[in-house]
Amino acid sequence: MENGVASTKEEGFLSRMALNDNKAGMEGLDRDKINKIIMETSKGSKFYENELKRDQQVNQRITKMMLQKARITEQQLKKAQAQVEKVATALEKSRDLSRVIVHVDMDAFYAAVEMRDCPELKDKPMAVGSMSMLSTSNYHARKYGVRAAMPGFIAKKLCPSLVIVPLNFDKYRAVSNEIREIFADYDPNFQPLSLDEAYLDFTDHLEQRQHWPESARTHHFRVRDMTTAELSQEAMTEIRELSPVLFEDSPGSSPSPVGPEGVRAPAGDFEVFGTSVEEAVREMRFRIEQKTMLTASAGIAPNMMLAKVCSDKNKPNGQYRLPSTREAVMDFIHNLPVRKVCGIGKVSEKMLNALGISTCSHLGQQMALLSLLFSETAWHHFLEVSLGLGSTYIPRHEERKSMSTERTFKELSKVEEQLSLCRELCEDLAEDMKKEGLKGKTVTLKLKNVNFEVKTRAMTLPCAVATVDEIFAVAKDLLKTEIENESPQPLRLRLMGVRISAFASLDDKKPLQKSIIGFLQSANAASKNEGSGENAPVIAKAGSPAKASENNHLPPDLSETPSPVQAHASTSACAESETLTCPVCFRKVETTDLNVFNTHIDQCLSNASQKTNNGTESDTESESDLKKDREERAAVNKLRRRHEAQEKKSKVNPQKGQSSVKKDSVQKVSLIKDDNKTATSQEPQPSNSKGPVFVCPVCQLTQETHDLAVFNHHVDLCLNQEVLHELGRQTSSSINLSPRTSLCVYSEKFVKSLGPCNTIDKFFR
DNA sequence: GTTCGAACA
DNA sequence: GTGTTGTTCGAAC
């Protein structure tokens, strides 16, 4: 109520830096004094400067919004109002008050666990985390303004006697498992939000509960569960004192005091809970407390949005039920600060405040305006909030959409260190991916420099990847590009992260993967037999049978790590086009079904390998087949030699030596060359070489690189494909190209190419 | 459809 | 001495 308005009239300090007292246990604090200390401690730091910048950006957004508002006509507003009413009517129709949704939230969870395990902390202001960052604080500390997401060193300024306890996730996870077991008794499909929070649908439980005998609603105090026979009254009192570790003055509805329905045995060793919602929830909280010696708070409401707000109402160690009537809901919403609503954070709050909106009823009053100033998704959400609506269905199990790992460190500017850190992150990520059996197509690199500026760079591959080498191949390229873009200045990093997303289900990929590996295996065997110089080692690396499925045992040497193309060659192929070209017979396969395509390749491969086997292991092969085979090889070698000759010339002078290249493309290449003539083809280009984009003269596609060497690789690659297709045209009608010959065309350059891996994709088209 | 920054929990 | 993980959205391309 009061806090919304306060941030609109901030004087001099950044609203985003100021104390966020939107948290239980933080009412009635001396905000001004606390904010002064926060500002004084922060001022001048890089972090502060960045926050200042971001605050100004938000202010600009607000200015823009206000200008937009000023241009809105009466007529527009009227029309908007009609539209809003239409949507509101529809929403109102869908209002469902029949579900009983509960949001449970452990009180100051990490801090409470630490206090439970170390009673000396009980009466001290304490927080869990480090000097850099606190995860949570106990209620003593909150009185000083110390709260979650506050750096420890600032907290120490606010409260010099603060005890900071390091995080112990294993412990919290163990407790979390304990409470989840209890949740499952009330709703087996409960949705955990974090280690200490969950949504539960109590509807079904309550229905059954009505028929439960008292015995099923009777729960014992902890002492009863102890194996030791009888505990003295003193011992029991002691345990009870330990239990609500948090506070003396809890707002109410604690699981222990008897409610109207509950029955407490005189000795206090068991309690019978009633059949109402409140009783059921109180029982759940009681059981949590008995099991973990920690308290929880809960909110009971007809939907998730409201339940979450309600669980905060009587925190700590309390619960609040919002009756399931429209009237009660609307009353509840009326003065509710918008910031209390899940999804409305400090930026949205500030923007709404600028429009004079601080409570949910304001929201309802201004909906027409909001519908003109905010996106559809945003104003629909606002409208729902203003009507007290939220989801009544708790999703069972949401599938993960991304997985990431990131690390903050003290300044890292050396390229080698950055690369090796990047690899470490990829190793961690790959390990996690393996645990969940995931593969993803999009790799995102996250960088934060010493000025706290965050950048993300992503690359989507045509095929899902999972191993260290595959992920690192992409992340490394992304990182290298950023390093190049910054050069000659170094990237001064304080954080690096790697994320993988766009998951493919493993079932989709497995069969095809087998095929490609088989493909490369045959090739490897063939190339060894043939002993054909340059190709052999490369093929062996990408597709040697032992390493094909798990090629994360490559040497850690950075220069030896595979490029994305190589990574793909070893794992997968994707097909998203309408027709697919078989890499073995070069015929177009009219399908988008990878399994069908796969079967086709398998067929081709088995034909081919039969031929190969026959050739090497039996004498039954006909002369003509042998001859054909030799012809194929001769053709491939001839084309390859021709291409190599062209390539040598083009390395020296890209304009020449590419006879098949169209004129206009050549001009583009020469333009690029002029721009880069000072750079050697081996070294990353300095930032001043940004100039024109590279357009491949063969495939006509723009290449995302400023490095001529990289670009050359790509052109080589395309030329190789030309060779392939030329060969394909020559042979598709009469000669069935065997895997070993077609594999010869995977020249070293192809496999080593740094170019984007859609080249492989193209190959399969 | 992809990429990227931003907001949010 | 200002964290980590994951999701979602909107804008730009």
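In this structure, a donor-acceptor pair under 3.5 Å is absent between the side chains of A/S297 and A/N314. For the residue pair A/S358 and A/N353, no side-chain donor N or O sits within less than 3.5 Å of a side-chain acceptor on the partner.
The pairing partner recorded for B/dG5 is C/dC9, the criterion being a Watson-Crick or G-U wobble arrangement whose two distances lie under 3.5 angstrom.
Residue A/I500 contributes atom CD1, which lies 16 Å from atom C1' of B/dT2 at whole-angstrom precision. Here B/dA7 presents its P atom at 13 Å from CZ of A/F382, a figure rounded to the nearest Å. Rounded to whole Å, the distance from CG on A/D196 to P on B/dA9 is 15 Å. One interatomic measurement links the two molecules: CE of A/M459 to C1' of B/dT2, which rounds to 12 Å at whole-angstrom precision. For the pair A/L461 CG and B/dG1 P, the computed distance is 17 Å after rounding to whole Å. Look at NZ on A/K346: it is 14 Å from P on B/dA6, rounded to the nearest Å.
Between the A/S487 side chain and the A/Q489 main chain, no donor and acceptor come within less than 3.5 Å of each other. Listed for the A/S176 side chain is a donor-acceptor partner under 3.5 Å among the backbone atoms of A/L195. At least one donor-acceptor pair closer than 3.5 Å links the side chain of A/E470 to the backbone N or O of A/A466.
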Contact state string [nucleotides 3-13 of chain C, B base, S sugar-phosphate only, - no protein heavy atom under 4.0 Å]: BSBBBSSS---
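A search for side-chain hydrogen bond (donor to acceptor under 3.5 Å, both in side chains) contacts involving A/D201 returns A/R99, A/T203, not counting sequence neighbours.
As judged by a 4.0 angstrom heavy-atom cut-off over every strand, A/I344 is placed among residues touching the sugar-phosphate backbone only.
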